[in-house]
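Atoms within a ligand are numbered from 1 in the order they appear, just like the ligands themselves. In this text the structure is predicted, and so the values were computed from the model without any measurement.
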Amino acid sequence: MAGSAEARKLVYLVTGGCGFLGEHVVRMLLEREPRLRELRVFDLHLSPWLEELKTGPVQVTGIQGDVSEAHEVAAAVSGAHVVIHTAGLVDVFGRASPETIYKVNVQGTQNVVEACVQTGTRFLVYTSSMEVVGPNIKGHPFYRGNEDTPYEAVHEHPYPHSKAQAERLVLEANGRMVHGGLPLVTCALRPTGIYGEGHQIMRDFYHQGLRLGGRLFRAIPASVEHGRVYVGNVAWMHVLVARELEHRAALMGGQVYFCYDKSPYKSYEDFNMEFLGPCGLRLVGTRPLLPYWLLVLLATLNALLQWLLRPLLLYAPLLNPYTLVVANTTFTVSTNKAQRHFGYEPLFSWEDSRTRTILWMQGMDSSAQ
Ligand SMILES: NC(=O)C1=CN([C@@H]2O[C@H](COP(=O)(O)OP(=O)(O)OC[C@H]3O[C@@H](n4cnc5c(N)ncnc54)[C@H](O)[C@@H]3O)[C@@H](O)[C@H]2O)C=CC1
Ligand SMILES: C[C@H](CCCC(C)(C)O)[C@H]1CC[C@H]2[C@@H]3[C@H](O)CC4=CC(=O)CC[C@]4(C)[C@H]3CC[C@]12C
(Lines give C-alpha, C1' and ligand atoms only; values in the text may rest on other atoms or scores of the structure.)
(Ligands and ions follow the chains in the order given, each with its own letter.)
Protein backbone atom coordinates (compact mmCIF):
# COMPACT_ATOMS: atom_id res chain seq x y z
CA MET A 1 0.00 0.00 0.00
CA ALA A 2 1.64 3.24 -1.06
CA GLY A 3 1.20 6.42 0.98
CA SER A 4 2.05 9.89 -0.28
CA ALA A 5 5.13 11.50 1.24
CA GLU A 6 3.01 14.11 3.09
CA ALA A 7 0.84 11.44 4.69
CA ARG A 8 3.90 9.64 6.02
CA LYS A 9 4.56 11.11 9.41
CA LEU A 10 4.61 8.36 12.00
CA VAL A 11 7.62 6.73 13.62
CA TYR A 12 7.11 3.18 14.90
CA LEU A 13 9.45 1.11 17.01
CA VAL A 14 9.19 -2.69 17.01
CA THR A 15 11.22 -4.39 19.73
CA GLY A 16 12.16 -7.96 18.94
CA GLY A 17 11.59 -7.03 15.30
CA CYS A 18 13.95 -9.73 14.02
CA GLY A 19 12.18 -12.59 15.80
CA PHE A 20 9.60 -15.01 14.40
CA LEU A 21 6.61 -12.77 15.13
CA GLY A 22 8.60 -9.52 14.99
CA GLU A 23 9.62 -10.05 11.36
CA HIS A 24 5.99 -10.54 10.34
CA VAL A 25 4.99 -7.39 12.25
CA VAL A 26 7.75 -5.40 10.56
CA ARG A 27 6.79 -6.60 7.08
CA MET A 28 3.08 -6.09 7.78
CA LEU A 29 3.67 -2.51 8.92
CA LEU A 30 5.60 -1.75 5.75
CA GLU A 31 2.81 -3.22 3.64
CA ARG A 32 -0.22 -1.94 5.49
CA GLU A 33 0.56 1.21 7.45
CA PRO A 34 0.52 4.03 4.90
CA ARG A 35 1.23 6.70 7.53
CA LEU A 36 4.59 5.19 8.41
CA ARG A 37 7.63 7.44 7.90
CA GLU A 38 10.26 5.59 9.91
CA LEU A 39 10.32 2.06 11.22
CA ARG A 40 12.84 1.31 13.95
CA VAL A 41 13.65 -2.36 14.41
CA PHE A 42 15.22 -3.02 17.79
CA ASP A 43 16.68 -6.43 18.55
CA LEU A 44 19.52 -8.14 20.34
CA HIS A 45 20.55 -9.59 16.98
CA LEU A 46 19.80 -7.80 13.73
CA SER A 47 18.92 -10.05 10.78
CA PRO A 48 20.44 -9.66 7.31
CA TRP A 49 16.98 -9.40 5.65
CA LEU A 50 16.60 -5.95 7.21
CA GLU A 51 18.91 -4.63 4.51
CA GLU A 52 16.40 -5.52 1.76
CA LEU A 53 13.75 -3.43 3.47
CA LYS A 54 15.82 -0.29 3.37
CA THR A 55 15.16 0.43 -0.29
CA GLY A 56 11.45 1.34 0.03
CA PRO A 57 9.76 4.67 0.81
CA VAL A 58 9.86 4.10 4.58
CA GLN A 59 13.09 4.69 6.46
CA VAL A 60 13.94 1.38 8.14
CA THR A 61 16.44 1.74 10.98
CA GLY A 62 17.99 -1.33 12.59
CA ILE A 63 18.96 -0.79 16.21
CA GLN A 64 21.01 -3.49 17.86
CA GLY A 65 20.22 -3.36 21.56
CA ASP A 66 19.08 -5.09 24.71
CA VAL A 67 15.68 -4.34 26.25
CA SER A 68 17.07 -4.99 29.70
CA GLU A 69 19.38 -1.97 29.28
CA ALA A 70 17.24 1.06 30.13
CA HIS A 71 19.42 3.62 28.35
CA GLU A 72 19.43 1.63 25.10
CA VAL A 73 15.66 1.36 25.20
CA ALA A 74 15.19 5.06 25.96
CA ALA A 75 17.42 6.04 23.03
CA ALA A 76 15.44 3.80 20.66
CA VAL A 77 12.02 4.96 21.93
CA SER A 78 12.83 8.69 21.86
CA GLY A 79 10.79 10.35 19.11
CA ALA A 80 8.68 7.26 18.31
CA HIS A 81 4.90 7.70 18.15
CA VAL A 82 4.09 4.05 18.71
CA VAL A 83 5.99 1.18 20.33
CA ILE A 84 5.15 -2.44 19.58
CA HIS A 85 6.96 -4.47 22.20
CA THR A 86 7.31 -8.05 21.01
CA ALA A 87 10.84 -8.71 22.32
CA GLY A 88 10.92 -11.49 24.84
CA LEU A 89 12.73 -14.56 25.96
CA VAL A 90 10.49 -17.43 24.90
CA ASP A 91 11.79 -20.36 26.88
CA VAL A 92 9.75 -23.16 28.39
CA PHE A 93 12.55 -25.71 28.01
CA GLY A 94 14.99 -24.53 30.69
CA ARG A 95 17.54 -23.12 28.26
CA ALA A 96 17.82 -19.81 30.09
CA SER A 97 17.88 -19.21 33.85
CA PRO A 98 14.75 -17.83 35.53
CA GLU A 99 16.76 -14.69 36.37
CA THR A 100 17.53 -14.08 32.70
CA ILE A 101 13.89 -14.69 31.73
CA TYR A 102 12.73 -12.10 34.30
CA LYS A 103 15.43 -9.65 33.29
CA VAL A 104 14.39 -9.69 29.65
CA ASN A 105 10.63 -10.15 29.97
CA VAL A 106 9.84 -8.13 33.10
CA GLN A 107 12.69 -5.63 33.49
CA GLY A 108 12.79 -5.20 29.73
CA THR A 109 9.09 -4.35 29.65
CA GLN A 110 9.44 -2.00 32.60
CA ASN A 111 12.22 -0.24 30.68
CA VAL A 112 9.96 0.13 27.65
CA VAL A 113 7.16 1.63 29.76
CA GLU A 114 9.51 4.07 31.50
CA ALA A 115 11.09 5.05 28.19
CA CYS A 116 7.64 5.91 26.80
CA VAL A 117 6.87 8.02 29.86
CA GLN A 118 10.23 9.82 29.83
CA THR A 119 10.36 10.52 26.11
CA GLY A 120 6.68 11.29 25.49
CA THR A 121 5.66 8.25 23.43
CA ARG A 122 1.91 7.79 23.88
CA PHE A 123 1.01 4.43 22.35
CA LEU A 124 2.33 1.09 23.53
CA VAL A 125 1.24 -2.33 22.29
CA TYR A 126 2.56 -5.30 24.25
CA THR A 127 2.79 -8.86 22.91
CA SER A 128 1.60 -10.89 25.85
CA SER A 129 0.61 -14.56 25.61
CA MET A 130 -2.26 -16.95 26.28
CA GLU A 131 0.16 -18.33 28.85
CA VAL A 132 -0.61 -15.45 31.24
CA VAL A 133 -3.98 -17.16 31.66
CA GLY A 134 -3.08 -20.81 31.24
CA PRO A 135 -3.02 -23.73 30.99
CA ASN A 136 -2.39 -23.79 34.72
CA ILE A 137 -0.27 -26.45 36.37
CA LYS A 138 -3.42 -28.15 37.65
CA GLY A 139 -4.38 -28.99 34.06
CA HIS A 140 -7.78 -27.24 34.22
CA PRO A 141 -9.30 -27.01 30.74
CA PHE A 142 -10.08 -23.61 29.19
CA TYR A 143 -12.59 -24.52 26.50
CA ARG A 144 -13.44 -21.87 23.88
CA GLY A 145 -12.92 -19.19 26.51
CA ASN A 146 -12.79 -15.44 26.03
CA GLU A 147 -11.11 -12.49 27.78
CA ASP A 148 -13.74 -12.55 30.55
CA THR A 149 -13.86 -16.29 31.18
CA PRO A 150 -12.92 -17.00 34.80
CA TYR A 151 -9.89 -19.25 35.11
CA GLU A 152 -7.54 -20.07 37.97
CA ALA A 153 -4.24 -18.74 36.60
CA VAL A 154 -1.45 -20.34 38.64
CA HIS A 155 2.05 -19.73 37.36
CA GLU A 156 5.02 -21.62 38.64
CA HIS A 157 7.09 -21.64 35.47
CA PRO A 158 9.27 -18.53 34.94
CA TYR A 159 8.07 -17.90 31.36
CA PRO A 160 4.31 -17.52 31.99
CA HIS A 161 5.02 -15.88 35.32
CA SER A 162 7.24 -13.28 33.67
CA LYS A 163 4.73 -12.68 30.87
CA ALA A 164 1.93 -12.18 33.42
CA GLN A 165 4.03 -9.71 35.41
CA ALA A 166 5.03 -7.82 32.28
CA GLU A 167 1.45 -7.68 31.05
CA ARG A 168 0.35 -6.22 34.38
CA LEU A 169 3.07 -3.55 34.18
CA VAL A 170 1.88 -2.53 30.73
CA LEU A 171 -1.80 -2.41 31.65
CA GLU A 172 -1.16 -0.52 34.89
CA ALA A 173 0.81 2.07 32.94
CA ASN A 174 -2.26 2.95 30.89
CA GLY A 175 -3.21 6.55 31.70
CA ARG A 176 0.17 7.58 33.11
CA MET A 177 1.20 11.03 32.00
CA VAL A 178 4.05 10.98 29.53
CA HIS A 179 6.56 13.75 28.91
CA GLY A 180 4.52 16.56 27.37
CA GLY A 181 1.53 15.99 29.62
CA LEU A 182 -0.62 13.57 27.63
CA PRO A 183 -1.74 10.12 28.84
CA LEU A 184 -0.05 6.89 27.82
CA VAL A 185 -2.41 4.44 26.08
CA THR A 186 -1.46 0.78 26.36
CA CYS A 187 -2.92 -2.58 25.58
CA ALA A 188 -1.83 -6.22 25.46
CA LEU A 189 -2.36 -8.90 22.82
CA ARG A 190 -2.42 -12.50 23.91
CA PRO A 191 -1.60 -14.89 21.07
CA THR A 192 -2.33 -18.57 21.52
CA GLY A 193 0.34 -20.89 20.04
CA ILE A 194 1.61 -19.06 16.97
CA TYR A 195 2.44 -20.99 13.78
CA GLY A 196 3.56 -20.04 10.30
CA GLU A 197 6.63 -19.22 8.25
CA GLY A 198 9.72 -19.15 10.45
CA HIS A 199 8.31 -21.18 13.36
CA GLN A 200 11.30 -22.85 14.99
CA ILE A 201 9.43 -25.61 16.89
CA MET A 202 7.64 -26.68 13.69
CA ARG A 203 11.05 -26.87 12.03
CA ASP A 204 12.30 -29.01 14.93
CA PHE A 205 9.37 -31.42 14.62
CA TYR A 206 9.95 -31.67 10.87
CA HIS A 207 13.60 -32.58 11.31
CA GLN A 208 12.76 -34.97 14.14
CA GLY A 209 10.25 -36.70 11.83
CA LEU A 210 12.86 -37.00 9.08
CA ARG A 211 15.32 -38.55 11.52
CA LEU A 212 12.64 -41.06 12.56
CA GLY A 213 12.12 -42.22 8.98
CA GLY A 214 9.20 -39.92 8.15
CA ARG A 215 7.23 -40.74 11.30
CA LEU A 216 6.19 -38.96 14.46
CA PHE A 217 4.63 -40.83 17.35
CA ARG A 218 1.45 -39.59 18.96
CA ALA A 219 1.97 -38.54 22.57
CA ILE A 220 -1.15 -36.44 23.20
CA PRO A 221 -4.79 -37.61 22.95
CA ALA A 222 -6.50 -36.25 19.82
CA SER A 223 -9.32 -34.96 22.05
CA VAL A 224 -7.13 -32.33 23.77
CA GLU A 225 -7.65 -29.05 21.90
CA HIS A 226 -4.81 -26.54 21.72
CA GLY A 227 -5.36 -22.96 20.52
CA ARG A 228 -3.29 -21.91 17.51
CA VAL A 229 -3.17 -18.74 15.47
CA TYR A 230 -1.41 -17.86 12.21
CA VAL A 231 1.54 -15.49 12.54
CA GLY A 232 0.29 -13.24 9.73
CA ASN A 233 -2.98 -12.68 11.55
CA VAL A 234 -1.17 -12.00 14.84
CA ALA A 235 0.97 -9.44 13.02
CA TRP A 236 -2.13 -7.89 11.43
CA MET A 237 -3.76 -7.56 14.86
CA HIS A 238 -0.68 -5.70 16.10
CA VAL A 239 -0.81 -3.30 13.16
CA LEU A 240 -4.53 -2.63 13.64
CA VAL A 241 -4.27 -2.17 17.39
CA ALA A 242 -1.35 0.22 17.00
CA ARG A 243 -3.37 2.23 14.48
CA GLU A 244 -6.62 2.29 16.39
CA LEU A 245 -5.24 3.00 19.89
CA GLU A 246 -5.07 6.68 19.06
CA HIS A 247 -8.69 6.92 17.87
CA ARG A 248 -10.25 4.60 20.44
CA ALA A 249 -8.07 5.26 23.47
CA ALA A 250 -10.97 5.32 25.93
CA LEU A 251 -12.27 1.95 24.76
CA MET A 252 -9.00 0.13 24.09
CA GLY A 253 -6.61 1.58 26.67
CA GLY A 254 -5.73 -0.93 29.39
CA GLN A 255 -7.45 -3.80 27.56
CA VAL A 256 -6.30 -7.30 26.72
CA TYR A 257 -7.20 -9.12 23.50
CA PHE A 258 -6.68 -12.75 22.63
CA CYS A 259 -5.25 -13.22 19.13
CA TYR A 260 -7.51 -15.49 17.13
CA ASP A 261 -8.41 -16.47 13.61
CA LYS A 262 -10.15 -19.32 11.80
CA SER A 263 -7.49 -21.96 12.49
CA PRO A 264 -9.27 -25.18 13.49
CA TYR A 265 -9.44 -26.49 17.03
CA LYS A 266 -7.25 -29.57 17.18
CA SER A 267 -4.69 -31.23 19.39
CA TYR A 268 -1.17 -29.80 19.19
CA GLU A 269 0.08 -32.78 17.21
CA ASP A 270 -2.92 -33.12 14.89
CA PHE A 271 -2.67 -29.44 14.11
CA ASN A 272 1.03 -29.73 13.26
CA MET A 273 0.19 -32.60 10.93
CA GLU A 274 -1.81 -30.15 8.78
CA PHE A 275 1.63 -28.97 7.61
CA LEU A 276 3.91 -31.89 8.35
CA GLY A 277 1.59 -34.32 6.51
CA PRO A 278 1.91 -32.57 3.13
CA CYS A 279 5.68 -32.51 3.74
CA GLY A 280 5.72 -36.31 3.82
CA LEU A 281 5.51 -37.06 7.55
CA ARG A 282 2.99 -39.37 9.19
CA LEU A 283 1.67 -39.38 12.77
CA VAL A 284 1.69 -42.93 14.07
CA GLY A 285 -1.15 -44.03 16.34
CA THR A 286 -4.75 -42.95 16.84
CA ARG A 287 -4.09 -42.90 20.58
CA PRO A 288 -0.93 -41.96 22.50
CA LEU A 289 1.59 -44.76 22.17
CA LEU A 290 2.81 -44.32 25.73
CA PRO A 291 0.51 -44.16 28.77
CA TYR A 292 0.30 -40.77 30.45
CA TRP A 293 1.99 -41.94 33.64
CA LEU A 294 5.03 -43.01 31.61
CA LEU A 295 5.21 -39.62 29.90
CA VAL A 296 5.07 -37.96 33.33
CA LEU A 297 7.91 -40.21 34.43
CA LEU A 298 9.97 -39.40 31.33
CA ALA A 299 9.28 -35.69 31.70
CA THR A 300 10.38 -35.81 35.33
CA LEU A 301 13.47 -37.75 34.35
CA ASN A 302 14.28 -35.11 31.74
CA ALA A 303 13.96 -32.39 34.37
CA LEU A 304 16.23 -34.31 36.71
CA LEU A 305 18.80 -34.90 33.96
CA GLN A 306 18.69 -31.23 33.03
CA TRP A 307 19.49 -30.31 36.62
CA LEU A 308 22.24 -32.92 37.00
CA LEU A 309 23.92 -32.12 33.70
CA ARG A 310 23.66 -28.33 34.02
CA PRO A 311 27.26 -27.87 35.21
CA LEU A 312 28.51 -29.83 32.19
CA LEU A 313 26.11 -29.17 29.32
CA LEU A 314 22.71 -27.82 28.43
CA TYR A 315 20.16 -30.62 28.19
CA ALA A 316 16.85 -29.07 27.12
CA PRO A 317 14.50 -31.58 25.44
CA LEU A 318 10.98 -30.63 24.30
CA LEU A 319 9.40 -32.93 26.88
CA ASN A 320 9.44 -31.67 30.46
CA PRO A 321 6.76 -31.54 33.16
CA TYR A 322 5.62 -28.08 32.07
CA THR A 323 5.39 -28.70 28.31
CA LEU A 324 3.62 -31.99 29.01
CA VAL A 325 0.89 -30.22 31.00
CA VAL A 326 0.57 -27.44 28.41
CA ALA A 327 0.29 -29.88 25.53
CA ASN A 328 -2.11 -32.15 27.46
CA THR A 329 -4.56 -29.51 28.62
CA THR A 330 -7.35 -28.16 26.48
CA PHE A 331 -6.88 -24.44 26.00
CA THR A 332 -8.87 -22.81 23.22
CA VAL A 333 -10.21 -19.35 22.64
CA SER A 334 -13.49 -18.21 21.11
CA THR A 335 -13.97 -14.47 21.19
CA ASN A 336 -14.85 -11.48 19.03
CA LYS A 337 -13.54 -8.75 21.32
CA ALA A 338 -10.92 -7.58 18.82
CA GLN A 339 -13.59 -7.38 16.12
CA ARG A 340 -15.90 -5.37 18.39
CA HIS A 341 -13.24 -3.00 19.71
CA PHE A 342 -11.14 -2.27 16.65
CA GLY A 343 -12.73 -4.00 13.68
CA TYR A 344 -10.27 -6.89 13.45
CA GLU A 345 -10.99 -9.58 10.89
CA PRO A 346 -8.32 -12.16 10.09
CA LEU A 347 -6.38 -11.08 7.02
CA PHE A 348 -5.52 -14.69 6.11
CA SER A 349 -8.12 -17.44 5.85
CA TRP A 350 -7.30 -20.84 7.35
CA GLU A 351 -6.67 -22.16 3.81
CA ASP A 352 -4.19 -19.35 3.08
CA SER A 353 -2.46 -19.73 6.44
CA ARG A 354 -2.12 -23.46 5.89
CA THR A 355 -0.84 -23.10 2.32
CA ARG A 356 1.69 -20.44 3.25
CA THR A 357 3.02 -22.54 6.11
CA ILE A 358 3.26 -25.67 3.96
CA LEU A 359 5.05 -23.80 1.17
CA TRP A 360 7.53 -22.46 3.69
CA MET A 361 8.15 -25.92 5.09
CA GLN A 362 8.54 -27.46 1.66
CA GLY A 363 11.05 -24.76 0.82
CA MET A 364 13.20 -25.59 3.82
CA ASP A 365 16.35 -27.48 3.10
CA SER A 366 15.49 -30.94 4.43
CA SER A 367 19.16 -31.77 4.82
CA ALA A 368 19.66 -28.85 7.22
CA GLN A 369 19.07 -30.90 10.33
N1 LIG B 1 5.80 -18.24 19.69
C2 LIG B 1 4.62 -18.29 20.26
O3 LIG B 1 3.87 -19.27 20.09
C4 LIG B 1 4.15 -17.18 21.13
C5 LIG B 1 4.91 -16.06 21.40
N6 LIG B 1 4.42 -15.05 22.19
C7 LIG B 1 5.18 -13.82 22.47
O8 LIG B 1 5.49 -13.21 21.23
C9 LIG B 1 6.73 -12.53 21.32
C10 LIG B 1 7.61 -12.94 20.16
O11 LIG B 1 7.85 -14.34 20.27
P12 LIG B 1 8.53 -15.18 19.11
O13 LIG B 1 8.58 -14.36 17.89
O14 LIG B 1 7.89 -16.49 19.09
O15 LIG B 1 9.98 -15.36 19.73
P16 LIG B 1 11.41 -15.15 19.05
O17 LIG B 1 12.39 -15.69 20.01
O18 LIG B 1 11.42 -15.65 17.66
O19 LIG B 1 11.52 -13.58 19.00
C20 LIG B 1 11.86 -12.79 20.09
C21 LIG B 1 12.82 -11.72 19.63
O22 LIG B 1 13.17 -10.94 20.77
C23 LIG B 1 14.56 -10.73 20.71
N24 LIG B 1 15.10 -10.55 22.05
C25 LIG B 1 15.24 -11.50 23.01
N26 LIG B 1 15.83 -10.97 24.07
C27 LIG B 1 16.06 -9.66 23.79
C28 LIG B 1 16.64 -8.60 24.49
N29 LIG B 1 17.15 -8.76 25.71
N30 LIG B 1 16.69 -7.39 23.91
C31 LIG B 1 16.24 -7.21 22.66
N32 LIG B 1 15.67 -8.17 21.94
C33 LIG B 1 15.58 -9.39 22.50
C34 LIG B 1 15.15 -11.98 20.08
O35 LIG B 1 16.44 -11.74 19.56
C36 LIG B 1 14.12 -12.31 19.04
O37 LIG B 1 14.42 -11.70 17.80
C38 LIG B 1 7.31 -12.85 22.69
O39 LIG B 1 7.11 -11.75 23.54
C40 LIG B 1 6.52 -14.06 23.14
O41 LIG B 1 6.41 -14.09 24.54
C42 LIG B 1 3.16 -15.11 22.69
C43 LIG B 1 2.37 -16.18 22.46
C44 LIG B 1 2.79 -17.31 21.68
C1 LIG C 1 6.84 -28.29 22.89
C2 LIG C 1 5.40 -28.57 23.24
C3 LIG C 1 4.92 -29.83 22.54
C4 LIG C 1 5.74 -31.04 22.88
C5 LIG C 1 4.93 -32.04 23.61
C6 LIG C 1 5.47 -33.46 23.56
C7 LIG C 1 6.88 -33.54 24.05
C8 LIG C 1 4.56 -34.30 24.41
O9 LIG C 1 5.44 -33.91 22.22
C10 LIG C 1 4.49 -27.40 22.86
C11 LIG C 1 3.04 -27.72 23.22
C12 LIG C 1 2.36 -26.39 23.47
C13 LIG C 1 3.40 -25.34 23.16
C14 LIG C 1 3.28 -23.96 23.82
C15 LIG C 1 1.94 -23.32 23.55
O16 LIG C 1 1.65 -23.28 22.17
C17 LIG C 1 1.82 -21.96 24.14
C18 LIG C 1 3.00 -21.09 24.06
C19 LIG C 1 2.83 -19.75 24.19
C20 LIG C 1 3.92 -18.88 24.29
O21 LIG C 1 3.74 -17.72 24.63
C22 LIG C 1 5.28 -19.35 24.01
C23 LIG C 1 5.35 -20.72 23.41
C24 LIG C 1 4.37 -21.68 24.06
C25 LIG C 1 4.76 -21.82 25.53
C26 LIG C 1 4.42 -23.04 23.32
C27 LIG C 1 5.78 -23.73 23.53
C28 LIG C 1 5.83 -25.15 22.99
C29 LIG C 1 4.70 -26.02 23.53
C30 LIG C 1 4.88 -26.20 25.02
Nearest option to [atom], as decided by whichever heavy atom of [options] sits closest:
atom: atom 7 (C) of ligand 1; options: Ser128, Gly22, Gly65, Ser129; value: Ser128
atom: atom 41 (O) of ligand 1; options: Tyr159, Phe42, Tyr126; value: Tyr159
atom: atom 27 (C) of ligand 1; options: Ile201, Asp43, Leu44, Asn111; value: Leu44
atom: atom 19 (O) of ligand 1; options: Gly16, Gly19, Ala76; value: Gly19
atom: atom 25 (C) of ligand 1; options: Ala87, Cys259, Gly88; value: Gly88
atom: atom 1 (N) of ligand 1; options: Val41, Val14, Thr15, Ile194; value: Ile194

Report the part of Met130 (side chain from C-beta onward, or backbone N, CA, C, O) that has a heavy atom under 4.0 Å from ligand 1; answer both or neither where that applies.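 Neither part.
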In terms of relative ring orientation, are [X] and [Y] parallel, tilted or perpendicular, with 30° and 60° separating the classes?
X: Phe342; Y: Tyr344; value: tilted
X: Tyr230; Y: Tyr195; value: tilted
X: Phe142; Y: Tyr151; value: perpendicular

What's the shortest distance from [atom] to any protein heavy atom, and which residue and atom give it?
atom: atom 26 (N) of ligand 1; result: Val104 CG1, 3.6 Å
atom: atom 30 (N) of ligand 1; result: Val67 N, 2.9 Å
atom: atom 9 (C) of ligand 1; result: Thr86 O, 3.1 Å
atom: atom 11 (O) of ligand 1; result: Val90 CG2, 3.7 Å
atom: atom 13 (O) of ligand 1; result: Leu21 N, 2.8 Å
atom: atom 29 (N) of ligand 1; result: Asp66 OD1, 2.8 Å
atom: atom 8 (O) of ligand 1; result: Thr127 CG2, 3.3 Å

Would you give the length of the straight line joining atom CG of Asn146 to atom OH of Tyr257, rounded to the nearest 0.5 angstrom?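 Rounded to the nearest 0.5 Å, the CG-OH separation comes to 13.0 Å.
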What pairs with Lys262 under salt bridge (charged side-chain N to carboxylate O under 4.0 Å, His left out), at least two apart in sequence or on another chain?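 Per chain and number, Lys262 pairs via salt bridge (charged side-chain N to carboxylate O under 4.0 Å, His left out) with no residue.
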Excluding sequence neighbours, so at least two apart, what forms salt bridge (charged side-chain N to carboxylate O under 4.0 Å, His left out) with Glu167?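 Only Arg190 meet the salt bridge (charged side-chain N to carboxylate O under 4.0 Å, His left out) criterion with Glu167.
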Check contact between Thr192 and ligand 1, using heavy atoms of the residue and a distance below 4.0 angstrom.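 Yes, Thr192 has heavy atoms under 4.0 Å from ligand 1.
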Would you please determine whether Cys18 falls within less than 4.0 Å of ligand 1 on a heavy-atom basis?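 True for this residue.
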Test of understanding: with side chain to side chain contact (heavy atoms under 4.5 Å, CB included), list the residues that count as partners of Gln59, not counting sequence neighbours.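 By the side chain to side chain contact (heavy atoms under 4.5 Å, CB included) rule, Gln59 matches Glu38, Thr61.
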Which pairs of N or O atoms, one from ligand 2 and one from the protein, are separated by less than 3.5 Å, and what is the distance for each pair?
from: ligand 2; atom 1: 16 (O); to: His226; atom 2: NE2; distance (Å): 2.8
from: ligand 2; atom 1: 21 (O); to: Ser129; atom 2: OG; distance (Å): 2.7
from: ligand 2; atom 1: 21 (O); to: Tyr159; atom 2: OH; distance (Å): 2.7

